[in-house]
2 protein chains.
Amino acid sequence: MDITIVDNQQDILQIKLKKILGDPANLTGTCPTRNILDRFSDKWSILSIFHLGNAGILRFNELKKRIDGISQRMLTVTLRNLERDGLISRRVYPEIPPRVEYELTGLGNSLLVKVIELGEWASDHGDQIMQARAQYDARERNTLSALNN
Amino acid sequence: MDITIVDNQQDILQIKLKKILGDPANLTGTCPTRNILDRFSDKWSILSIFHLGNAGILRFNELKKRIDGISQRMLTVTLRNLERDGLISRRVYPEIPPRVEYELTGLGNSLLVKVIELGEWASDHGDQIMQARAQYDARERNTLSALNN
DNA sequence: CGGTATCCTTTGGGATACTG
DNA sequence: CAGTATCCCAAAGGATACCG
């Protein structure tokens, strides 16, 4: 009986896959789903979403301090793109010195849930991946040194 | 009572976030989780995982046909990286002409589940994002033309 | 403080040609 | 068929300087 349940879960995955891949004809490189996945294809976006999800509301420089290694330019670009996609909101207070606050929107929070799952997977399987890499590299070195003899 | 449930779910998210962000000190740019998320930061990896999950086993050129727009070089690079991370297996049949089959490993399948969730989100919210972009661009055009007057 | 503008280097990745 | 090797270009992104 367990087998049936497993099979059903597999079927659900297959159905979802076909929905994603076959959506509006994946053949066209302009497929929206691909377009959107491209946006998450940069680490700064994902990290920004994580930190905003974690802190709630953050000012520009607060965010910059938390995202290790990001340049001012890239943080600006990243936040603009996320705002453009409706994932974060940007509130400017007309004060001197200026204050700008960023926060996840409802849409952004719904994405956060999914991205957290991915982050948790990475956190949970990091060791396994690092180990696989070490093994691969070791094999690689062996075959290379064998060729040199 | 509903509020309590919602709060608990929020708490769970917060706990997971802290687990991800605070894992081994996110401060170091070499944090494994970030390192691994970087790997998914290219669209070809995600698309390869989708298509292998969908088809099960695929040969090099079968995969190339399905991933629209990918070059031979990038498919090779992508598959090598995924293999190195232990996400896919590569079986070479010593025949002429050669035959090479790619398949998701157990680890790869466990990742597939998470990536499908992300893909489904993108598929479901694509319209919303496109709409947000259009609105943002329209506002942008207005403020620009206002500056020119 | 929260940016923008500019420059300049590095990387990603396509095109093409060749090979076991 | 399934790559590798080379060349080359476009884009990403860091560093720096300046600004409201």
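Numbered from 1 within each chain, the chains take letters A, B, ... in sequence-line order.
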S.K.: Do any side-chain atoms of residues 109-118 of chain A form donor-acceptor pairs under 3.5 angstrom with protein atoms, and if so which ones, sequence neighbours left out?
M.R.:
{"from": "A:Asn109", "atom 1": "ND2", "to": "A:Thr105", "atom 2": "O", "distance (Å)": "3.4"}
{"from": "A:Ser110", "atom 1": "OG", "to": "A:Leu107", "atom 2": "O", "distance (Å)": "2.8"}
{"from": "A:Ser110", "atom 1": "OG", "to": "B:Trp121", "atom 2": "NE1", "distance (Å)": "2.9"}
{"from": "A:Lys114", "atom 1": "NZ", "to": "B:Glu117", "atom 2": "OE1", "distance (Å)": "3.4"}
{"from": "A:Glu117", "atom 1": "OE1", "to": "B:Lys114", "atom 2": "NZ", "distance (Å)": "3.4"}
{"from": "A:Glu117", "atom 1": "OE2", "to": "B:Lys16", "atom 2": "NZ", "distance (Å)": "3.1"}

S.K.: Run the side chain to side chain donor-acceptor pair (under 3.5 Å) test against B:Asp137 and tell me which residues pass, sequence neighbours left out.
M.R.: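 Checked B:Asp137 against side chain to side chain donor-acceptor pair (under 3.5 Å); matches are A:Arg84.
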S.K.: Show every donor-acceptor pair shorter than 3.5 Å between a side-chain atom in residues 75-83 of chain B and any protein atom, with sequence neighbours excluded, or say none if there are none.
M.R.:
{"from": "B:Thr76", "atom 1": "OG1", "to": "B:Gln72", "atom 2": "O", "distance (Å)": "3.0"}
{"from": "B:Thr78", "atom 1": "OG1", "to": "B:Met74", "atom 2": "O", "distance (Å)": "2.7"}
{"from": "B:Asn81", "atom 1": "ND2", "to": "B:Val77", "atom 2": "O", "distance (Å)": "3.4"}

S.K.: Would you compute the distance between atom CG of A:Leu37 and atom CG of B:Leu47 and round it to the nearest 0.5 angstrom?
M.R.: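 A:Leu37 CG to B:Leu47 CG: 7.0 Å, rounded to 0.5 Å.
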S.K.: Polar-atom pairs under 3.5 Å, protein N or O versus N or O of nucleotides 13-17 of chain C: list them with distances, or write none.
M.R.:
{"from": "C:dG13", "atom 1": "N7", "to": "B:Arg73", "atom 2": "NH1", "distance (Å)": "3.3"}
{"from": "C:dG13", "atom 1": "N7", "to": "B:Arg73", "atom 2": "NH2", "distance (Å)": "3.0"}
{"from": "C:dG14", "atom 1": "OP2", "to": "B:Ser71", "atom 2": "OG", "distance (Å)": "2.7"}
{"from": "C:dG14", "atom 1": "O6", "to": "B:Arg73", "atom 2": "NE", "distance (Å)": "3.4"}

S.K.: Which is the 5'-most and which the 3'-most nucleotide of DNA chain D that has an atom under 4.0 Å from a heavy atom of chain B?
M.R.: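 In short, chain B contacts DNA chain D from D:dC1 to D:dT6.
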S.K.: So, using side-chain contact (heavy atoms from CB on, under 4.5 Å) as the criterion, who are the partners of B:Ala55 when residues are at least two apart?
M.R.: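 B:Ala55 satisfies side-chain contact (heavy atoms from CB on, under 4.5 Å) with B:Leu58, B:Arg66 only.
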S.K.: Please name all residues satisfying salt bridge (Lys or Arg N to Asp or Glu O under 4.0 Å) with B:Asp85, sequence neighbours left out, ordered by chain then number.
M.R.: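 Scan of B:Asp85 (salt bridge (Lys or Arg N to Asp or Glu O under 4.0 Å), adjacent residues dropped) gives A:Arg133, B:Arg39.
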S.K.: Need the bend value for the helix from C:dC1-D:dG20 to C:dG20-D:dC1: angle between end axes, 5 pairs each end, nearest 10°.
M.R.: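 Roughly 50°, once rounded to the nearest ten degrees.
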S.K.: Return the residues of residues 85-99 of chain A meeting this criterion: a heavy atom under 4.0 Å from some atom of DNA chain D. Order them by number, or give none.
M.R.: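 Nucleic-acid contacts, sorted: A:Pro98.
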S.K.: B:Asn61: which residues meet the side-chain contact (heavy atoms from CB on, under 4.5 Å) condition with it, sequence neighbours left out?
M.R.: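 B:Lys64.
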S.K.: Applying side-chain contact (heavy atoms from CB on, under 4.5 Å), name anything that partners A:Arg59, two or more places apart in sequence or on another chain.
M.R.: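 Once residues adjacent in sequence are excluded, the partners of A:Arg59 under the side-chain contact (heavy atoms from CB on, under 4.5 Å) criterion are A:Glu62, A:Arg99, A:Glu101.
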S.K.: Please work out which residues in residues 53-64 of chain A have a non-hydrogen atom less than 4.0 Å from an atom of DNA chain C and list them by number.
M.R.: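 Going residue by residue through residues 53-64 of chain A, the ones with a heavy atom under 4.0 Å of DNA chain C turn out to be A:Arg59, A:Phe60, A:Asn61.
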